[in-house]
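Take a look at the structure set out below.
We name chains A, B, ... by the order of the sequence lines, and we start the count at 1 in each one.
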Number of protein chains: 2
Amino acid sequence: MRVKRISRFEFQLLERFWELGPSSVREVQEALPEEHRPAYTTVQTMIYRLEEKGALRRLKKIGNAHIFEAVLTRTAVHKRLITDLLEMFGGSPTSVMSHLVETGKLTLADIRAIERDLSRRERKS
Amino acid sequence: MRVKRISRFEFQLLERFWELGPSSVREVQEALPEEHRPAYTTVQTMIYRLEEKGALRRLKKIGNAHIFEAVLTRTAVHKRLITDLLEMFGGSPTSVMSHLVETGKLTLADIRAIERDLSRRERKS
DNA sequence: GCAAATCTACTACGCATGTAGTATGTAGGA
DNA sequence: TCCTACATACTACATGCGTAGTAGATTTGC
């Protein structure tokens, strides 16, 4: 089953679940940054929508509150986001890297670290 | 002036302009892949919206048709997309790279190529 | 046991996006 | 010149997202 598209704010909420583990609406809402913290019912609505999309599920009930947990893993969603972006770029990962480098976001040290990591992995397999 | 958000389909249209240079609505519409080619007026509407967003401008008029051209460069928009994605990842470019590596999209050779490129650049500056 | 707090479930609404129709204007060939 | 083909400008509408309010159920503290 192809996972439905996850919006930016939905992604923020999922991050909370990955961070906190199974949580109630209240817990997630309070874990959001104070500066931009939507109303309780706003968070509730988004959580319901994530449930409909199959990204969250109701785990149990504590008191009168439902406890939700993430169905998708952080890694899976991250991959999906990157794959989508890559698709827009005609599937060229090197051009993504070039941009990262050009904006100074990726340093030589970062690249060397990844390279070490990757060559270690290749030797193993 | 902060450039407004560009949607997926808007991005597809911009790609046509980067490819074709200044073009009419008709030319852009016909350059879209046959499988998923929206109606002429659909493309027209989206082009008007891109104009409102400042991503396109009317260059001149040929016959009774307006010729539009891209204001933003492909590179600028690509950077913006990557920056946005990065923001979602907590600004960590290495995790983006890790995912590219994990999905097999980025090879050791790719990384070495970028590394060479970057170290050359660093020596120069 | 009752009132206050809290939660759920539902509804609403404005803006963005993708889609396209319609009325009107213009250009160019017979 | 007048008809036809094409373009413009405007309007419309469904869906998704971000936002939140309200009515009614449930819990809990006293």
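Phosphate proximity of dC7(C) to Arg26(A): present, with a side-chain N or O under 4.0 Å from OP1 or OP2. Residue Arg58(A) has a polar side-chain atom (N or O) positioned under 4.0 Å from OP1 or OP2 of dA9(C). Between His36(A) and the phosphate of dT19(D), there is a side-chain N or O to OP1/OP2 separation shorter than 4.0 Å. In this structure, Tyr40(A) does not reach the dG21(D) phosphate: none of its side-chain N or O atoms is under 4.0 Å from OP1 or OP2. Within the 4.0 Å cut-off from OP1 or OP2 of dA20(D), at least one side-chain nitrogen or oxygen of Thr42(A) is found. Proximity of Lys53(B) to the phosphate of dT17(C): a side-chain N or O atom is located under 4.0 Å from OP1 or OP2.
Among the protein residues, Ser24(A) comes within range of no part of the nucleic acid, since none of its heavy atoms lies under 4.0 Å from any strand. Counting non-hydrogen atoms under 4.0 angstrom, Ser7(B) reaches the backbone sugars and phosphates but no base.
Annotation: ring pair (Phe, Tyr, Trp, His ring centres under 6.0 Å) contacts of Tyr40(A) (sequence neighbours excluded): none. Remark: Glu27(B) engages no residue in a salt bridge (charged side-chain N to carboxylate O under 4.0 Å, His left out) (not counting sequence neighbours).
As rounded to whole Å, 13 Å separates atom P of dG25(C) from atom NZ of Lys61(B). Remark: C1' of dA25(D) and NE2 of His66(A) are 11 Å apart, rounded to the nearest angstrom. dT19(C) atom C1' lies 14 Å from atom CG of Leu32(B), rounded to whole Å. Atom-to-atom, CD of Glu52(B) to C1' of dT8(D) comes out at 14 Å; the value is rounded to the nearest Å. One interatomic measurement links the two molecules: CD1 of Ile47(A) to P of dC10(C), which rounds to 17 Å at whole-angstrom precision. Rounded to whole angstrom, the span from the CD atom of Glu51(A) across to the C1' atom of dC7(C) amounts to 15 Å. Counting to the nearest Å, the P atom of dA9(C) and the OH atom of Tyr48(A) are 4 Å from each other. To the nearest angstrom, C1' of dA20(D) lies 17 Å from CZ of Arg37(A).
When distances are taken from the side chain of Asn64(A) to each of dT6(C), dG18(C), dC17(D), the shortest belongs to dT6(C). Comparing dT19(D), dT19(C), dA20(D) by their closest approach to the side chain of Arg49(B) singles out dT19(C).
In terms of modelled atom types and a separation under 3.5 Å, the side chain of Gln29(B) and the main chain of Pro38(B) share a donor-acceptor contact.
Nearest-nucleotide mapping onto DNA chain D: of Gly63(A) and Val25(B), the residue sitting toward the 5' end is Val25(B).
Taking 4.5 Å as the limit, some side-chain heavy atom of Val77(B) sits within range of a side-chain heavy atom of Trp18(B).
Leu56(B) and Leu20(B) end up in different hydrophobic clusters when Ile, Leu, Val, Met, Phe, Trp and Tyr side chains are linked at under 4.5 Å.
Contact of Gln44(A) with dA9(C) (side chain to base): a donor-acceptor pair of N or O atoms is detected under 3.5 Å. Residue side chain Arg8(B) does not reach the base of dG18(C) through any donor-acceptor N/O pair under 3.5 Å, judged by distance alone.
Of the candidates Arg58(A), Glu51(A), Lys60(A), Arg58(A) is the only one forming a side chain to side chain donor-acceptor pair (under 3.5 Å) with His66(A).
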